[in-house]
Amino acid sequence: MTDVTAGALQVRNIETYYGPIMAIRGISLDVAAGQVVALLGANGAGKTTVLKTISGAMEPQKGSVHLNGEPIHNLDPDVVARRGIAHVPEGREVFPFLTVDENLKVGAFSRRDAGVQTDLEQVYEYFPALRELRGLAAGFLSGGQQQMLAIGRALMLNPSIMLLDEPSLGLSPKYVAEIAAIVKRLNAERGITVLLIEQNAKMALDISEYGYVMENGRIVMEDTSERLKDAPDIQEFYLGMKDEGVRGRRRWKQRKTWR
Amino acid sequence: MEVLQLLISGISQGCVYGLIAMGFVLIYKATEMVNFAQGDMMMLGAYLAYTWINIAGMPFVLGVVATIVSLAIVGVLIERILLRPMIGEPPFAVLMITIGLGFMLRAFAGAVWGTETKAVSNPFSGNVIRLGDISIGYENMAIILGTVILCALLFAFFRFTRLGIAMQAASQNQLAAYYVGIPVKRIYSLVWAMSAALAAVAGVLVAPISLVEPVMGFIGVKAFAAAIVGGFGSLPGAIIGGLIVGIAEQFAGLYLPPGFADTTAYAILLIMLFLRPEGLFATMQKKKV
Ligand SMILES: Nc1ncnc2c1ncn2[C@@H]1O[C@H](COP(=O)(O)OP(=O)(O)OP(=O)(O)O)[C@@H](O)[C@H]1O
Ligand SMILES: [Mg+2]
């Protein structure tokens, strides 16, 4: 049933519900080890729900999720995290009353190995701004700084896979570029596999090798990122947004809280 | 002089309220559940102390440790058996469970230890320190000292240990805590163990100055008022709220007609809800353990 050779993450025919509402209507996707894969789609398509299902925050009614050939769809999210999947959630969700430093250290809560201290240094090296803010409560950071912190916190897990949910949402172009660069660097230097949700389709397709497009809880298109960039539908619905500029995009997507 | 004397007994009574109030706050902050049986947990703690020290004949200190450990285990069992299945249920259902738990604990205590009052042997009773005209009972000293030590330990735990910081994280953002690999469910069990341990200490400390009987846990209602006065969201707030209620009660007993003392806690609560509904420490400490 499962094809182990396909690599790091395999999602097969998952169906996920919010109560009676069917948010995911049978989705399959593959993320090979070392790849950066983009997951695109309009608001409400179900992208976040897919990530939540992978990381164990939601249980699929049907279907399976395999990590390196092992089923993980019945595990609690903390166990999935300890298996090496770091989920950077939509809206960043830092711990607002902990300091930057505490946020990062608590990200390594499940680890006992000696590498924690070096990883902390690494994170401060990736995000020098965070080092200056290390004693400050995370709630006081700007949106961009919180996003860096959320990514840094996820790195402290020393993950093999990162799930990034709209990391550039609401950020200025400077931060968007910085996030894109960091994602590429993490992938190249540390070999971290990335599944990336983005409203900023241009950025996502620029840094990914493969992409999936979702609509109404289904995957409606998948291809290499190169070819997706040239697809007429994508150009019209996703890349067409780029002329509107960041401000327009920011308003287009409202920040909402999950429960 | 009388004022100072009253102040000291007010502080020691307030510490007892504060200890129970911290138990409320700990559980509420972490799990968003209100454990109305917190006062009855203290009652159970007093009876366990009686059992270990007077019946089993343990030396006092060992008996106290045994009381804390055994009540912490009870706390974990309550969480696992009664409350974990309630996750996601409406708050009033959880409320009914914990109110019912209080009834069960009182009935259990009455059945096991009988309804006549008990006294726990302790090294404090009868001894007093005299400072001029003021005399402070050892029991009251023990309560104040015990509370101070416990608060310092809790502060250090939440501030400096990785487990304490993880607990804060879990209460600030449950889902994000899961995502960073914190075993949130085990943290909940631990929170119940800790608040049961607090109740055990309160029970041990209060036993020498109060009668050990099944209904002694009713002071939990006053402690609940104290927790709200303190903002229901902060541990320091819980202690301050407890002290305010405890001290005000003593002075009401002196200056107001008989019978008013027992309503002081609610009077303060009402005044507080009018003046500052979010409680003393709410703005500063919102969502911090
Ligand atoms: N907590 C919830 N309760 C009920 N329905 C929900 C909940 N969260 C999401 N949904 C519904 O599930 C569907 C998929 O939501 P999801 O958040 O996964 O979409 P998304 O693609 O991430 O959208 P966005 O771009 O807005 O983040 C939507 O129709 C949404 O209305
Ligand atoms: Mg989303």
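Every chain is numbered from 1 and lettered A, B, ... according to where its sequence line falls, protein lines coming before strand lines. What you see is a predicted model, and the numbers here were worked out from it, not measured in a lab.
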Original post:
Does CZ in B:R162 sit with more than 12 non-hydrogen atoms of other residues, nucleotides or ligands closer than 6.0 Å?
Top reply: yes
Original post:
Given a strict heavy-atom distance threshold of 4.5 Å, which part of A:V94 is in contact with chain B: side chain, backbone, both, or neither?
Top reply: backbone
Original post:
Out of A:A81, A:P77, A:S55, A:A57, which one racks up the most heavy-atom pairs below 4.5 Å with chain B?
Top reply: A:P77
**OP:** With rounding to the nearest 0.5 Å, note down the distance linking CD1 in B:I165 to OG1 in A:T99.
**Re:** 7.0 Å
Subject >> B:R80 atom CZ: more than 12 heavy-atom contacts under 6.0 Å >> reply: no
Original post:
Heavy atoms, side chains only, cut-off 4.5 Å: are B:V184 and A:D78 in contact?
Top reply: no
Subject >> Under 3.5 Å donor-acceptor, A:E93 side chain and B:L175 backbone >> reply: no
Original post:
What's the verdict on side-chain contact (heavy atoms from CB on, under 4.5 Å) for B:L163 and A:F109, showing C-alpha distance, side-chain angles and the deciding distance?
Top reply: CA-CA 8 Å; B:L163 193 57; A:F109 179 77; 3.9 Å; yes
**OP:** Spell out the residues in residues 149-160 of chain A that have some non-hydrogen atom less than 4.5 Å away from a non-hydrogen atom of chain B, in order of number; otherwise answer 'none'.
**Re:** A:R153, A:L157
**OP:** Below 4.5 Å from any heavy atom of chain B, which atoms of A:R83 appear? Answer side chain, backbone, both or neither.
**Re:** neither
**OP:** Please indicate whether B:F103 has more than 12 foreign heavy atoms, meaning atoms of other residues, nucleotides or ligands, lying under 6.0 Å from its CZ.
**Re:** no
**OP:** Applying side-chain contact (heavy atoms from CB on, under 4.5 Å), run through B:Q172 and A:L98 and close with a yes or a no.
**Re:** CA-CA 9 Å; B:Q172 286 170 29; A:L98 297 185; 3.9 Å; yes
**OP:** Please state whether the side chain, the backbone, both or neither of A:N103 comes within less than 4.5 Å of a heavy atom of chain B.
**Re:** neither
Subject >> B:R159, CZ: over 12 other non-hydrogen atoms inside 6.0 angstrom >> reply: no
